[in-house]
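What follows is a short report on a single structure.
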Amino acid sequence: MSKERFEELRRQLDAVNLEILEVLNRRAELVQEIGQMKSGKGTERFDPIREKEMLDLVVDANEGPFPSDTIRHLFKQIFQASLGLQEEEKKSLLISRKNQATDTVVQVGKLLIGGGNAPALIGGPCSVETVNQMNAVASHLSGEGIHLLRGGAYKPRTSPYDFQGLGVEGLRILSETAKRHGMTCVSEIVRPDDVAMACEYLDVIQIGARNMQNFELLKEAGSVKKPILLKRGLSATIEELLYAAEYIAARGNNQIILCERGIRTYEKATRNTLDISAVPILKQESHLPVVVDVSHSTGRKDIMFPIAKAALAVGADGLIIETHNEPAVALSDAKQQLDLHQFSTLLNQLRESGYLKDTVK
Ligand code: PEP
Ligand code: MN
């Protein structure tokens, strides 16, 4: 073969490569358009029947010199890369930063959570027990400038013999106490059917760790016009938490506060292991505010100050601090709840170290 012919063949090959490139990208554009039509988000993109039809079509049309197996292999690679393109789109969830660059700010009464506002402090007992107990706590917390009062009425307890909460009576006590002290309130709801009812009592509906993947509850929470405090599941990955939030957003409710409350690990020194890196990762991946529950994550009072500082240092938009007027006799989580004096001490320590400078009084 002459040198000229060799060079000519190489030039042709370069041209064919460019043609393949153009055709591949034209195919990719079609795939993207189909992907967008398949849903907005999340529809299962891989369609094995359609893939088989496409493969059969090209293999039937193949006249060589490539054998059918090679053609099949090459086209499978192309199909897989196309699916990857659609996966990229799928990642653009409603709650994703890719979808919204600015921070979502959740307003609860006059409290603004997220968007660089002063850290939102959520205080109150593990469980609503009595009117007197709630009054004692709310009176102290409101005096300290705390706006959002917590208290469980439906308690997801490990043992069925432990205090299960006062139910709707607990919601009523919480709500009336909060109003009496000019506060707003948050409590956990565990059944989808209770979400609408709970809206009458609560300013924020909490979905607890054990229910993070109760998808019917998430859907219901997405259908109401109340902020949702969504806690990370005991063994949930960050991605799973984000998908759980997406369930709520997909139903039209974008008032979501994410909560890192520690995850299950082999470590026994703390009740759960606070995944501190989840905070900046969640804030990077999503535009939603992120708060840290320093009580359930640690299960101990003696490290609350450094842990609270750490949470705020990595960018948490708020803290949940379980507080009881008489923790020693609390009906749940007695060990980890701060008493009123300890709450004030923690607050002062945080203020003095510059972490709460801008908190609204
Ligand atoms: C709570 O906040 O009352 C609670 C039960 O927490 P978690 O769901 O994080 O365990
Ligand atoms: Mn608790």
Side-chain angles (χ1 to χ4, degrees), residues 120-129 133-134 137 141 146 148-160 162-167 170-171 173-174 185-191 194 198 201-214 217-218 221 227-238 240-241 244-245 256-265 270-275 278-279 282 290-301 304 307-308 311 316 318-339 342-343:
L121 300 181
I122 305 170
C126 181
S127 299
V128 176
E129 297 165 12
Q133 168 230 18
M134 290 309 293
V137 175
L141 295 188
I146 306 303
L148 189 43
L149 180 67
R150 63 152 284 144
Y154 297 94
K155 296 304 300 175
R157 305 303 300 279
T158 302
S159 164
D162 285 339
F163 177 60
Q164 301 287 308
L166 300 180
L171 294 184
I173 295 174
L174 174 68
C185 62
V186 52
S187 195
E188 176 170 354
I189 295 303
V190 295
R191 278 184 299 263
D194 286 346
Y201 298 98
L202 303 175
D203 301 287
V204 178
I205 291 176
Q206 178 171 317
I207 294 184
R210 287 152 196 82
N211 273 307
M212 190 206 82
Q213 284 190 319
N214 179 339
L217 184 60
L218 295 173
I228 307 296
L229 173 59
L230 177 64
K231 300 189 87 173
R232 181 176 181 181
L234 275 71
S235 300
T237 62
I238 291 173
E240 285 164 345
L241 172 59
I256 306 163
I257 305 157
L258 302 173
C259 177
E260 163 58 40
R261 47 79 70 209
I263 48 174
R264 271 273 164 94
T265 70
T270 48
R271 180 176 177 181
N272 291 286
T273 299
L274 176 63
D275 181 6
V279 179
L282 287 169
V290 179
V291 300
V292 169
D293 181 337
V294 292
S295 299
H296 293 94
S297 53
T298 61
R300 44 193 291 179
K301 307 185 203 194
M304 221 148 259
I307 294 299
L319 301 175
I320 298 179
I321 308 162
E322 276 194 339
T323 317
H324 195 288
N325 55 329
E326 279 184 274
V329 295
L331 296 180
S332 58
D333 286 351
K335 242 177 69 191
Q336 73 193 29
Q337 301 194 64
L338 298 186
D339 67 26
Q342 287 166 333
F343 182 88

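We count ligands from 1, going down the list as the structure has it; atoms in each ligand are counted the same way. Note that the numbering runs from 1 along the sequence shown for the chain.
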- Task: Run through ligand 1 for me and note each protein residue having a heavy atom under 4.0 Å from it, chain first, then residue number.
- Result: Arg150, Lys155, Glu188, Gln206, Gly208, Ala209, Arg210, Lys231, Arg261, His296

- Qualifying residue for side chain to side chain contact (heavy atoms under 4.5 Å, CB included) with Glu322, from Ser127, Pro125, Ser295: Ser295

- Item | side chain to side chain contact (heavy atoms under 4.5 Å, CB included) partner of Arg150, the single match among Ile321, Val186, Val204 | Val186

- Between Leu141 and Leu149, is any pair of side-chain heavy atoms under 4.5 Å apart? yes

- Quick one: pull up CD in Glu188 and NZ in Lys231 and give me the separation to the nearest 0.5 Å.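 Reported value, rounded in 0.5 Å steps: 7.5 Å.
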
Under 3.5 Å, side chain of [X] to main-chain N/O of [Y], donor-acceptor pair present?
X: Gln337; Y: Cys126; result: yes
X: Asn325; Y: Val137; result: no
X: Gln164; Y: Leu166; result: no
X: Asp293; Y: His296; result: yes

- Around the Mn ion (ligand 2), list the protein N/O/S atoms within a radius below 2.8 Å, excluding water molecules. Cys126 SG, His296 NE2, Glu322 OE2, Asp333 OD2

- Item | Crowding at CD, Gln213 (>12 non-hydrogen neighbours, <6.0 Å) | yes

